[in-house]
2 protein chains.
Amino acid sequence: MSFTTFMPKALSEARAAAARGEVPVGAVIVSAEGDILAMAGNETREALDPTAHAEMIAIRRACAAVGSERLTGCTLWVTLEPCPMCAAAIAHARIARLCYGASDPKSGGIETGPRLYDHPNLHHRPEIIPGLEENACRDLLQTFFQSIRFQRDTNKS
Amino acid sequence: MSFTTFMPKALSEARAAAARGEVPVGAVIVSAEGDILAMAGNETREALDPTAHAEMIAIRRACAAVGSERLTGCTLWVTLEPCPMCAAAIAHARIARLCYGASDPKSGGIETGPRLYDHPNLHHRPEIIPGLEENACRDLLQTFFQSIRFQRDTNKS
């Protein structure tokens, strides 16, 4: 399993999310055999659903694909450190490995803040591989938020 | 707003979940005006979806009902202390008030474990009112799990 295969697909989902006006985060779930089970980008604005983060949609799609509420042996690739909601959902789904791009000091739930997987009542802790294609993942987010701020400031003036 | 109105409805959703073989947790979301926007029970097994906790389904339904990804001014009534996934979703949805029944020392995310709302990167902290109809909420869960253990032990012997 190589990050040169799957993280570019997650980045592609993130770019597609940005094009729809969503925060550019993308996720891909891959089976133990290396098959892609689900791909998703953020849809919170379009779906008017605060739970529609890329990871959540990908988990739900992958569970539907395999016909199980457990994604045992699967790997989740995501461009940004998951928030506490997504981190807990990853544990609920028993995902084996979490590979992510940029850290999220403001809203992340793994390296910062509640550090969810440090608590025994999560019942499952995936293997964690952070920092994959970190610059590309972070640049995409920074460009998106700079663009929003520019638009907001332009509208003000 | 009184817990004698809404917690019994959440309990009714929890009982309906138990009858479907789901962990008996129920949730109700009520607008600032006192209107019920959504009700739900757990559906993780039936839907094969590890994110389908009562609170998550209720949040998604309420957002669809009001046409917004924010549930500003709303109250969430739920029979069990939310897990970290649901607690974070409550923050994402900007729910104003969280009223719950039984505590959940093993899997909760508010009073125990990661204590999500103690961390600034949650960005929103609802008012919290715990312990409402606590005995009824806890008894329902205990009876359900005792029944599961009895069935398992009977099948073993």
Side-chain angles (χ1 to χ4, degrees), chain A residues 22-23 42-53 55-72 74 81-95 103-124, chain B residues 22-23 42-53 55-72 74 81-95 103-124:
Chain A
E22 303 279 353
V23 175
N42 268 359
E43 290 182 16
T44 59
R45 294 176 189 187
E46 193 176 1
L48 298 174
D49 177 0
T51 75
H53 288 193
E55 302 95 310
M56 303 292 281
I57 302 167
I59 287 170
R60 299 176 71 206
R61 286 183 185 159
C63 286
V66 299
S68 170
E69 58 175 308
R70 298 280 168 92
L71 297 171
T72 312
C74 292
E81 177 188 351
C83 80
M85 174 180 74
C86 296
I90 288 163
H92 289 321
R94 305 291 190 268
I95 286 173
S103 297
D104 188 355
K106 284 188 183 169
S107 306
I110 293 168
E111 298 173 42
T112 54
R115 297 176 192 273
L116 275 204
Y117 299 134
D118 292 353
H119 298 278
N121 60 354
L122 263 288
H123 306 306
H124 174 81
Chain B
E22 303 278 354
V23 175
N42 268 359
E43 290 183 17
T44 59
R45 293 174 190 190
E46 193 175 1
L48 298 174
D49 177 0
T51 76
H53 287 193
E55 303 94 310
M56 302 292 281
I57 302 167
I59 287 171
R60 300 176 69 204
R61 286 183 185 158
C63 285
V66 301
S68 169
E69 57 174 309
R70 297 281 167 92
L71 297 171
T72 312
C74 292
E81 177 188 351
C83 78
M85 174 180 73
C86 296
I90 289 164
H92 289 323
R94 304 292 191 268
I95 286 173
S103 297
D104 187 356
K106 283 188 186 169
S107 306
I110 293 168
E111 299 173 41
T112 54
R115 299 177 190 274
L116 274 204
Y117 299 135
D118 292 353
H119 298 277
N121 59 355
L122 262 288
H123 306 307
H124 174 82

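Letters go in sequence order (proteins before strands), and every chain restarts at 1.
Legend: residues meeting side-chain contact (heavy atoms from CB on, under 4.5 Å) with A/E69, ordered by chain and number and at least two apart, are B/T44, B/R45, B/P50.
A salt bridge links B/R61 to B/E43: one of the charged nitrogens lies within less than 4.0 Å of a carboxylate oxygen.
Using a 4.5 Å cut-off between heavy atoms, A/S68 touches chain B through its backbone atoms (N, CA, C, O) alone. Residue contact with chain B, scored on non-hydrogen atoms closer than 4.5 Å, involves the side chain of A/H119 exclusively. For chain B, no part of A/I90 is nearby; none of its heavy atoms comes within less than 4.5 Å.
Between B/C63 and A/D49 the shortest side-chain heavy-atom distance does not fall below 4.5 Å. Here the side chains of B/N121 and A/D104 are not in contact, with every heavy-atom distance at 4.5 Å or above.
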